Colleague: 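Here it is: the structure, laid out below.
Every number for a ligand or one of its atoms is a count from 1 in the order of the listing. Computed from heavy atoms alone, side chains included, the values below leave out hydrogens, waters and symmetry copies. Computed from a prediction, not measured in an experiment: that's the story for all the values here.
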Amino acid sequence: TTVSVSATASHPIPTTLWGQMFEDISHVRESVRIFFKGLNPPRAGMEDCTPNCSKIALFNKLPQHCNKDTTAALNAWLPIGESSINVVADPSPLSSALPNSLVLVIPPNVKRDVGFANTGYWGINFVKDTQYTASLNYRVPAFLSPLNSPPTLTISLLAEDGSTLAAHSTELALVDGWTEVDIVLTPDRTPPSLANRFAVTVSNATHTSPAGIEVHFALLSLFPPTFKGRKNGMRTDIAQALADAKPAFFRFPGGNNLEGQTTATRWQWRNTVGPLSQRPGRVGDWSYINTDGLGLLEYLHWCEDLDMEPFMAVWDGYSLGGSSVTGDALGPFIAEAIEQINFVIGDPNTSEAAALRASLGHAEPFKLRFVEIGNEDFVGQAPGTVASRWNWFATNLSATFPQLHFMATSRSSGPALTPTPEIYDAHNGLRQTHSYTTLCRLRNGIKFFEGEYASTSTNSSNLYGTPEQGRLLWPTVAASVGEAAFMMGFERNADIVFSSSYAPLLGHVNNSQWTPNLVGFDAGKVYKSTSYHVQKVRTAPSPPLLTATPQLFANNRGDEYLPSTLPNNSTSATLIWSVTRWTATNQLIIKISNSAAASQDLTFVLPFESVSSVGSLELLTGAATTSNTPAAPDLIAPVASRIPVGTIFNYTAPATSFSIITLTAQ
Ligand SMILES: O=S(=O)(O)O[C@H]1C[C@H](O)[C@@H](O)[C@@H]1CO
């Protein structure tokens, strides 16, 4: 195949082309940050726990949305010694948002320590000399019978064999009301496994009260060191992996998890900001409870810390259960969206929501240009309701915030919306072989955010089935090579595709509601998939450096597109390429995706006077069905090398491979 390249760029590559989308799916929101968090009380009449609830366990919210006295409310909680533990609606709760407590009952005449422990999100990773920040609240409803000395409260980190890695003891305050304990625990060694525990015990509490003595606990949390030291921040290894992919934007809070199954259980920004004790959490849309310990302000800090701009969604009246609000009834929800936006960009002197932001330490507005109206507002829609809701939201929000760009999330093919959307967030599931043609959209002034795509299955007629039906558990080399081809379609169409993101971004390997995911993780490690290696994209237009750890799309976005011989764009095509240029350094970036089972030869013809004689090659290849998995996390990684190039040069793309060739040409 001969590829002739034009020296005249057809269009720029937008800096927003590559980014990340995030939502609380597969337990990412909590376990990427906290080992476990506050126990939260069930509000009256909360839904019964679904079986999955037992998977949520950890200290988080579990009990909040599970009726008390249920085994689900105690999952991952273990009694220590001759104690019994339970979750109750506390008559004197820590806060109205958290009306439940975990109750430790200390029986009479107990001789040994009693208490409870938590096993974390399928384990807890402790490392020697690392500082873990523990916090809890307790109250002793009825004072212990007069004792010769006050009981001792001990908070400790335990290894699988029960040995103590770190511990801190304080006197149990026999006062009416809640006492907060905040301490730092530093393990004196690294335990051999992840099967470790966070433990709370009470000693020296001997008494003779036949019914036993209760100690109530609430809002317990344990934080590892966080990315950039943010309070209530992100686990450093996961945040670093995401940062290394140099995302230009960050879409949040969903995805399905924005929508709620009902209007009442939608994501509500105000319930996700302020002190953790004031965050009631909600029944999320992926079969488990969201504590909302990671809320709107934490998302915005995340954007600042990774130099990403927010693509923030507002709830638009439609919920996954099929209920939708339309017409005048949308008023309160439009007001809620206006306050949410004002929390991000408003003036603290004129907006209460902006003043709340200032009171939480960020007086300056955050950077915000793009706001999505809902998510996938085409699923199960009563005809036309989305048109009505879009009209209400787009009309009111653009009148209030004329500087913002609003994205529609219904299908651009219909129903017709007024006002005409400037942008649609299109979602493309992809089969294993790229569907390059999908991208040839109408050019009618509309811009596209390819907001969710991934190669999900080897079965093009069943993209979201079971593994037996072809669904991928992990990205495979073939899937990632297919995505690379699809992504080159974004470059070729970057005059109308201004942004794109793979979905889902993250998934806990011990309990995912979706596969494949770009980055997997467990309590101790991060697993970078073959698709993650393809995704890494730089935002800043600076020359790609042949770094020690080769990056693929990262460092290789280029800032303008050079037309070249168009590849065969049938869905059976197996050889796709694109050429972009860094104008600052006259470097060409040639990307080639070969999804065939055999290598394919290409000849590049470059219309430049002088071309470097040696180029850098970053190559991702391997057996088509291989994946990086927890068992073999680094099986497939990009390999950097140098190859001969020139004004005319040949390149053989290996079978099932994605290649990036960088050279200088002027
Ligand atoms: O079942 S789907 O609609 O395909 O769910 C997809 C689309 C939705 O926005 C996101 O939350 C989810 C996983 O990426």
Colleague: Once you measure the plane-to-plane angle for H27 and H508, does it fall in the parallel (<30°), tilted (30-60°) or perpendicular (>60°) bin?
Modeller: perpendicular
Colleague: Please write down residue, atom name and distance for the protein heavy atom closest to atom 3 (O) of ligand 1.
Modeller: E376 OE1, 2.9 Å
Colleague: Can you find an N or O of R251 that's nearer than 3.5 Å to an N or O of ligand 1?
Modeller: no
Colleague: Who passes side chain to side chain donor-acceptor pair (under 3.5 Å) against R411, sequence neighbours left out?
Modeller: none
Colleague: Check this for me - ligand 1, N256, N or O atoms closer than 3.5 angstrom, yes or no?
Modeller: yes
Colleague: Among protein heavy atoms, which lies nearest atom 11 (O) of ligand 1, and at what distance?
Modeller: E23 OE2, 2.5 Å
Colleague: Which one holds for N375 and ligand 1: side chain close, backbone close, both close, or neither close, with close meaning a heavy atom under 4.0 Å?
Modeller: side chain
Colleague: Looking at atom 14 (O) of ligand 1, what's its closest protein heavy atom, distance included?
Modeller: E452 OE1, 3.1 Å
Colleague: Atom 4 (O) of ligand 1: which of Y464, W514, Y502, Y453 has the nearest heavy atom?
Modeller: W514
Colleague: Determine the sole option in E309, E23, E372, E450 for which the salt bridge (charged side-chain N to carboxylate O under 4.0 Å, His left out) test with R251 is passed.
Modeller: E372
Colleague: Sequence neighbours left out, what passes salt bridge (charged side-chain N to carboxylate O under 4.0 Å, His left out) with E422? Give chain and number order.
Modeller: none
Colleague: So, D292 and R282, do they make that salt bridge, N to O below 4.0 Å?
Modeller: no
Colleague: Hey, are K591 and E491 close enough for a salt bridge, meaning a charged N less than 4.0 Å from a carboxylate O?
Modeller: yes
